[in-house]
Each structure stands twice: as structure tokens, then as C-alpha cells.
Amino acid sequence: MFTKILIANRGEIACRVATTARRLGVKTVAVYSEADAGARHVAVCDEAILLGPAAAKDSYLRGDKIIAAAKATGAQAIHPGYGFLSENAEFAEACAAAGLVFIGPPGSSMRAMGSKSAAKQLMEGAGVPLVPGYHGDAQDPELLQAEANRIGYPVLLKASAGGGGKGMRVVERSEDFQAALASCKREAMSSFGDDKVLVEKYLTRPRHIEIQVFADSLGNCVYLHERDCSVQRRHQKVLEEAPAPGMPPDRRAAMGEAAVAAARAVGYVGAGTVEFIANQDGTFYFMEMNTRLQVEHPVTEMITGTDLVEWQLRVAAGQPLPKQQHELAIHGHAIEARVYAENPEKGFLPSIGTLRCMDTPSHVAFELGGIGGIGGIPAGVRIDSGVRAGDAISPFYDPMIAKLIVWGADRAQALARMAQALSEFHIVGLATNIAFLKRLVEGDAFAHADLDTGLIERNTATLFPPAGPAPLAALALAAVALVSAETPASANPADPWTGTHGWRMNGTYRRRLAFGDEYAATTQAKVYAIDMTYHPHGWTLDADGKPHPLALVARHDGHYAIRLDGQAIQGTVRRDGEALHVFTGGLHHVLAWNDPLAHAGEHETADGRLTAPMPGKVVAVIAASGQHVRKGEPLVIMEAMKMEHTIAAPSDGLVEEVLYQVGDQVADGAPLLAFKAAA
Ligand code: ADP
Ligand code: ADP
Ligand code: MG
């Protein structure tokens, strides 16, 4: 085994690898960018080396600097994590040339699988089933269109070098083909530096089922069963689970053997994932192979009682696989939810900012990786995260905050634990998908395992419910938090002299609080007006024209127990400037105190300057200065993190001036064009 490894990554995966290394007594070297000097992965490793500026191309993608850092620190091996250099054959070979072990497959395996088109040609030869399509080398637009017409619509265009859900376009009709092709090629070129595409039949209601494979350098290769990653948005995984609901043992074995055949066909060593797309009837086709550890590997660890990072280190050190196929049984059920800094209500737009507060669920058995099922006592809840409260989610990298992984004896128990854990996961400071995830896991479709990749789109009505009024319990908690913050925490809430500050010996004291939120803004009153009348042992709260007796039972570090109308209510209240974040009953309510209308409509300029919704790069300028446009017409396309974002005309009008060019980097809120709405 190695004595020291370098981890060529950041965030949760870097922390995850460091945890296993520590358990095995292996020292770790972190690398980091200027933006990550204070990052968690730097703190958890034994040593750290600065690579360069924030942009990945200047830091985490600088293979030369990473290799130099490994040599300088005396590391024997490099773990690439996922993303960045993990599937870069040249980097793997450069490691070997420098006398370092690359913890991953040989460069030749990566090259064979790196192009989706070439991988398909290879798999065809190995007898692995493929989706009907065209994956040849010719790229003439007319020929591609003829192939699409032959395959029959809808078809899917995919960047051959693609990954991370990028560079894909569904084309419904022949007349839309050329526009989609141009857009797909543009994204492929800017993201992967290669605009080669393939065309395949777009399956309707498919499931994404993938097989974890593992091979050692002695010729052994096993499969660690499947993961179902059908719940996706924009072709990106949101929830992953293992095993796949409804998987018959014979199909599991058939898929597992096909995956092992795929790995063997490319001389694979290490951890890999063979992704299949499956019809509802179970027929499955090879989609691609990811020649690295996958984001969702923890669900496999939880049901097989393995630590896949440990396996990676052992295999890279030349040891045999720790287990053989017949020793790999499935225990229980595991689900992973990717907690992202993003705004599901706004098209899943990434959210950038500081994690002012992060409360993680109780009963976390393993933090930062580790194994689920060891000794037959599986962990209930596991969190893999690369950030702490106070850290920032920056525009430079993936906006994932954490992975929340739960294990249950069966799917129903895992589901219940996931819903509970999500309701205990409180984040303040930026938008997250937590509430969305909770609706997703509690919704009928996921609960009944009615799975396919269109699940989210099909259930928009229940997943994106219209905003409703804040419940009285949330308002009461906010009011109690505000009022009790005016007294020292040590004060006895039942003591009128120190407790309910505001109580007067003679005469009652009444106070009005006004809270705003998105829903209240749409009402005539614009706010929730609350009158609190102080009594020796509590208050009366007048909210909806009715009096509600209210008392504080206990408080500790932002957690409150109150009694409202005789009912016990618990919740957590976090204050962030003038916003009060109330977490109760599994929901997160954001209440603005003071001046709820101060910021309303900030970004909705119909006239004047259209601003960037987030920091990013301009990838296309469609409108020209002086051009008259119609409402909804695309004007500028920006790219940030892992998505393209179109800035469209807010109304009919005139583009007076375009302020940026393709390739320009723009800051959050920067004006992009001067626009004048038509009269
Ligand atoms: P990436 O490299 O971005 O992961 P994949 O080829 O693995 O790309 O595809 C990502 C996702 O796109 C799949 O999980 C699935 O949801 C969808 N997808 C891919 N191919 C098809 C297809 N032929 N029909 C329908 N959906 C598909
Ligand atoms: P998986 O199939 O394991 O879900 P993805 O293809 O979604 O993997 O990407 C895995 C991870 O790789 C992402 O979460 C992200 O951290 C990283 N990644 C993918 N694409 C990029 C990219 N273009 N730039 C930076 N990181 C990326
Ligand atoms: Mg994929």
C-alpha cells in the first residue's frame, strides 16, 4: 500500500478520498486553487499545494503542476476523483512517465471509452446491445440529418466527447434538426474542445440503469450490481438508488455480465461504470462507460458493505480485488440525493453565495464517506460534503453542496429516512434544491418507483406547487425568535422580569410585527401583520383577526419549542440580515422582516438594461445593436457552471446596444444589453 497519495480534486470527492486514506494510514496531499485556500479539502489533508488561479484550466486542470506537486511532496500515487483530469488519458500516461501511479484505469481504456462514438463501435464488436443510431466518423450536416430521418424522430444528438449532461439536444422534427445540430456543436466545442456528435433514437420513458464494475491488474473483474439513476433534470442525475426497483435477478446478472464484458473489452483496471438506457420492458442498451469513480458510488457502498475508494487504492497498489463475485450480495436499499446550490423554481439556475448556516441531519453515522453496511449494522444516514458553514459556493466549480445518502432495510425505510433527513437539512445563504428533493421523494411517482427519466418533467404540477401563505406556526416561530432575541438566552422564559421583555406591570404591551414573503407580496396587505400582546407567561398573537395564545417552552441555539393554540410546535429559526429562515414541519419559510418590499422586482427590468442572472461567460450573441425583436426572442446566451442560459427579450422592443462579445466573462448582475421596450 502507498504511504502518501495526492488528491487531484476538490470538494466532497477530495474529502471523501482523504477519509478513506486516513483510515488506511495513508498520508494525503491536497491541491487547491486560489479560490479554495480555505476550503475543507485543504483542511482535511495532511499537506496542501497551491496550483494557481480559480479557473479550473489554471488550477485543477494543470496536470503538469499536479505532477510536480506529487513529486515535490513525495506522493507515490494520484487520485483524480471525478471530473477534471479523471478521464484524461494523457494525464494518466504523464503520471506513469513521471513514476507516479494514476489511481484509475490505463490511458488506453480511457481513450477507448472517451469517445462515445468510438466506444459504441467497440461495444458493437463485443456484442453489447446498442441504441439504434449513427455513431460514424462522417460529420457532414446533410448526412447527419439523413441519418436522423432514417432513425426516425425524436432523435438525440450527443457530443461524442460529452459528459455531465452537456452537449445533448433532443430533436423532435426534421425541420428543427439543423438548428439543434449547430447549438449542440457549439456547446460541444466550448465544453469539450471537440464538436463531433452522434445521433441516436431518443427513447421514450427510459430508465437509466448503470452497473458498477471493478477490475484488478491480475485479470479479475466483478460487477457490484446496479444503480438506478432515472430521476434526472437536464439529463443530470438528481436521485440515485440501489438496487434498481423491480430488477429481476436474471436481468441483473445479464446486465452485470454485459458490463464486465465491456470492461474486459478495453483492458479495464479499477472502478468504472457502464451506463445503460433501459426500456420499461427491461430491454437495455449500452450508453457509455465512465472510466472513473462515479458521484453516486456511495449507494453501491451502502448495499454491498464496501469502501470503493479503498478498493481503488488496493487495486492501484497491485493488490487483488478484496471480494469475488459470489461474495457480493445486496443488503437493503440505499438512496442518494444531490443537494445543489440551485434554484429549481428558476430552471435549476445555480445559486452562488456563502453558506451562512448549514444544519445537517441528526443520526449521521458516517460523515465524509466511509462504509455503510460493515458488520451488518448499516449506517442510516451519510453525508458526503466538501463545504462547511461559512464556505462559499463560487461560480468556478460545480454547485454541489453535499450528497445525502440513506440506507434502509428496504426501499420504504430508505425513503422515510430520506424524507426525514431532508427536513433536517437546513441551509441559509443561497438557494438550494432541498425542498424540491423532499417533494420529489415524497411524491407518488418516486414513492411507487414509477421511474423514468421524464419523471420530473411529468410531475411539474406537484413538484413546483404555487407559493401559498406562510402557516401560522412559521409566523409564530419567527415572532418568538425576534422577540426572545431581545432577552438573554439564559433568562428564564417564565420569569416576567427577565423573560418576556416588554411586559408591563400595569397595562398590556402590544407590538406589531410585519413579515413579507413572495406570497404576501401578491396580497392586498403585502405583508403578514401580526400583533403580539405580552403577558407574564407568553403572548397573544393576533394574525388573522383571531387571538392565538402563544408561549415559549424552550430555546437553544436557534431551535425553539413553542406552544401555539395549545399545540406543541418545534422549529429552527436562522437570521440572515433582514431575512428570517424558519424551518418547521419539514418546510423552509423565508420571511422578510422590516421592509419586505425593498427588493421586489429587482431583476425584472422590461426597459433599460438586461442583466446577467449569474456570473459566467457569453457564448453567443444573437441580437445585433439596432435590431427590433419580439418578446421571448433569444438575445444572448451565457454559460455558467454546467449550463447554458438564454437571455430573452422581456417584451417586443429594440436592442439599442449589445455590451459584450462572445468569450467575455461577465459578473453577476452586469448589464448585457441596452433594451428599449416597444411602446
Ligand atoms: P453524459 O455523458 O452526459 O452522462 P449519457 O450518454 O450518459 O451522457 O446520457 C445522459 C442522460 O441522457 C441519460 O442518463 C438519459 O437520461 C439521457 N439519454 C441518453 N441517451 C438517451 C436516449 N437514447 N434516449 C433517451 N434518453 C437518453
Ligand atoms: P456522474 O455520471 O458521475 O453523475 P457527471 O458526468 O455528472 O458524473 O460529472 C461528474 C462530476 O464531474 C460532476 O459532479 C462535476 O463535479 C464534475 N464535472 C463534470 N463536468 C464538469 C465540467 N465541465 N467542469 C468541471 N467539473 C465537471
Ligand atoms: Mg452518462
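Excluded from the calculations below are hydrogen atoms, water molecules and symmetry mates; all remaining heavy atoms, backbone and side chain alike, are included. In each ligand, atom 1 is the first atom listed, and ligand 1 is the first ligand listed.
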Check your understanding: Looking at ligand 1, does any of its N/O atoms fall within less than 3.5 Å of an N/O of Lys201?
Key -> yes

Point to revise | Note: Asp137-Lys196 ion pair, threshold 4.0 Å (strictly below) | key: yes

Review point. Strictly by modelled atom types, are Gln236 and Lys166 linked by a side-chain donor-acceptor pair under 3.5 Å?
Key: no

Revision key, fill the gap. Ligand 1 to Leu156, heavy atom cutoff 4.0 Å, flagged ligand atoms 18 (N), 19 (C), 20 (N), 21 (C), 22 (C), 27 (C)

Point to revise | Pro206 N/O to ligand 1 N/O under 3.5 Å | key: no

Practice item. Answer yes or no: does an N/O atom from Leu203 fall short of 3.5 Å to an N/O atom of ligand 1? Key: yes

Revision key, fill the gap. The N/O/S atom of Glu275 lying closest to the Mg ion (ligand 3) is OE1

Exercise for review: Answer yes or no for Glu288: is there an N/O/S atom below the 2.8 Å cut-off from the Mg ion (ligand 3)?
Suggested key: yes

Review point. Would Arg458 and Asp452 pass as an ion pair if we require N to O under 4.0 Å?
Key: yes

Check your understanding: So, Ser174 and Gln145: side-chain donor and acceptor under 3.5 Å apart, yes or no?
Key -> yes

Practice item. Find all atoms of ligand 1 within a distance of less than 4.0 Å from any non-hydrogen atom belonging to His208, and give their numbers and elements. Key: 13 (C), 14 (O)

Review point. Got a salt bridge between Glu342 and Arg233, using NZ or NE/NH1/NH2 to carboxylate O under 4.0 Å?
Key: yes

Review point. With a cut-off of 4.0 Å, which atoms of ligand 1 are near a heavy atom of Gln232?
Key: 11 (C), 13 (C), 14 (O), 15 (C), 16 (O)

Review point. Can you find a non-hydrogen atom of Met168 under 4.0 Å from ligand 1?
Key: yes

Review point. In this structure, which one of Glu296, Met247, Glu210, Arg207 forms a side chain to side chain contact (heavy atoms under 4.5 Å, CB included) with Asp228?
Key: Arg207

Study note, to complete from the structure: Numbered in order shown, the ligand 1 atoms found under 4.0 Å of a heavy atom of Glu200 are 20 (N), 21 (C), 22 (C), 23 (N)

Review point. Counting from 1, what ligand 1 atoms have a heavy atom of Met287 closer than 4.0 Å?
Key: 6 (O), 7 (O), 9 (O), 13 (C), 14 (O), 19 (C), 20 (N)

Point to revise | Polar proximity ligand 1 side, Lys116 side, N/O cut 3.5 Å exclusive | key: yes

Practice item. Taking only heavy atoms of Glu288 into account, list the atoms of ligand 1 that are under 4.0 Å away from them. Key: 1 (P), 2 (O), 4 (O), 5 (P), 7 (O), 8 (O)

Point to revise | Check ion pair Arg264-Glu257 (N to O, under 4.0 angstrom) | key: no

**Study point:** Residues Arg411 and Glu241 bridged, charged N to O under 4.0 Å
**Key:** yes

Practice item. With heavy atoms of Ile277 as the reference, note each atom of ligand 1 found under 4.0 Å away. Key: 15 (C), 18 (N), 21 (C), 25 (C), 26 (N), 27 (C)

**Study point:** Contact atoms of ligand 1, heavy-atom distance to Thr453 under 4.0 Å
**Key:** 16 (O)

Exercise for review: Indicate yes or no: does Glu240 engage Arg227 in a salt bridge with an N to O separation below 4.0 Å.
Suggested key: no

Check your understanding: Do you know which two heavy atoms are closest between Trp407 and Gly332, and how far apart they sit?
Key -> CZ2-CA, 3.8 Å

